[in-house]
Structure formats: structure tokens, C-alpha cells
Amino acid sequence: MPPKKEPRISLDHSVQPDSARLATASDTFRMLSDPTRLHILWLLDRGPADVSALTTATGTSRTAVSQHLAKLRFTGLVETRREGRNVIYRLADGHLARLVREGLNFADHKVTGEPPHE
């Protein structure tokens, strides 16, 4: 018997954006518009982390990081799991990881003056 093929996961969803998709994308971009939240998401793209690690890495207060994480969790951009007494955060979706990376790559071009890609 041949091995079962896993369904191919699409990285491109080429559909006409309706009002629900446009609103959801706008909400996501709104969450990415804060520099601290964007930094947190960039850090979580590198791997799961707890509040203490994110506080140290961002140089932001624990209270502020916790508030940002609560917003990110509420909007479904991050997920959590318990490890003993710690809550570990991670990105909820690969599309979000690519969006964060591409946004920062775009910013890198703007800051450094590197020409845009086709």
C-alpha cells in the first residue's frame, strides 16, 4: 500500500478580498503598527519565549510586555502553553511570521536605501 500523502498547505490564498478579509487584515496590521508589539512578534518568530525573556530582549517593562502579549493573544496572533509556573508564548501562524519578516525586510530597504526587489 503506498504511503498516505499529506495535504499540501497553500502559502498563497489568491481570493478576491471581501469585507471580512479586509477587516481581518486591517486588524492584523493595526496590531503590527506598534513598535513594541512588532518587536515581540519578531522575537517570537525566532522561538517561543516567556514574559521575562521578552522583557529583557525588548528593554520594555514587564507590565508593558504583558499588556502587549494580552492584546496579541486576544487577537489570535500568539498562542500560549504552560511550563510549570511560566507561560510560554509563540506565534500562532506561519503567515504571520512571514508578514513580520517581510515588513522588517521592507523597513530595512527603506532605512538602508537598498533598492527594492521586483
Item to check | Rounded distance [0.5 Å steps], NZ in Lys71 versus OG in Ser66 | outcome: 12.5 Å
Checklist outcome for this item: The reported gap from NE2 in His95 to OG1 in Thr28 (rounded to nearest 0.5 angstrom) is 11.5 Å
Next on the checklist: I'd like to check the side-chain contact (heavy atoms from CB on, under 4.5 Å) partners of Ser19; sequence neighbours left out, ordered by chain and number.
Outcome noted: none
Item to check | Residues clustering with Leu22 (ILVMFWY side chains joined when closer than 4.5 Å, directly or via others) | outcome: none
Checklist entry - Can you list every pair that meets ring pair (Phe, Tyr, Trp, His ring centres under 6.0 Å) and has a residue in residues 97-117, with sequence neighbours left out? => result His109-His117
Next on the checklist: Checking Ser33 now: which residues fulfil side-chain contact (heavy atoms from CB on, under 4.5 Å) with it, not counting sequence neighbours?
Outcome noted: none
Item to check | Under-4.0 Å salt bridge between Arg81 and Glu79 | outcome: no
Checklist entry - Of all heavy-atom pairs between Ala92 and Gly76, which one has the smallest distance, and what is that distance? => result CB-O, 3.2 Å
Checklist entry - Any salt bridge (charged side-chain N to carboxylate O under 4.0 Å, His left out) pairs touching residues 47-64, not counting sequence neighbours? => result none
Checklist entry - Given a cutoff of under 4.5 Å between side-chain heavy atoms of I, L, V, M, F, W and Y, with clusters grown through shared members, what are the other residues clustered with Leu96? => result Phe29, Met31, Leu32, Leu38, Ile40, Leu41, Trp42, Leu43, Leu44, Val51, Leu54, Val65, Leu69, Leu72, Leu77, Val78, Val87, Tyr89, Leu91, Leu99, Val100, Leu104
Item to check | Over all atoms of both residues, closest heavy-atom pair of Ala57 and His39 | outcome: O-CE1, 3.6 Å
Item to check | Donor-acceptor contact present, side-chain Asn86 to main-chain Ile88, <3.5 Å | outcome: no
Item to check | Where Arg37 and Arg30 come nearest, the two heavy atoms and their spacing | outcome: NH2-O, 3.7 Å
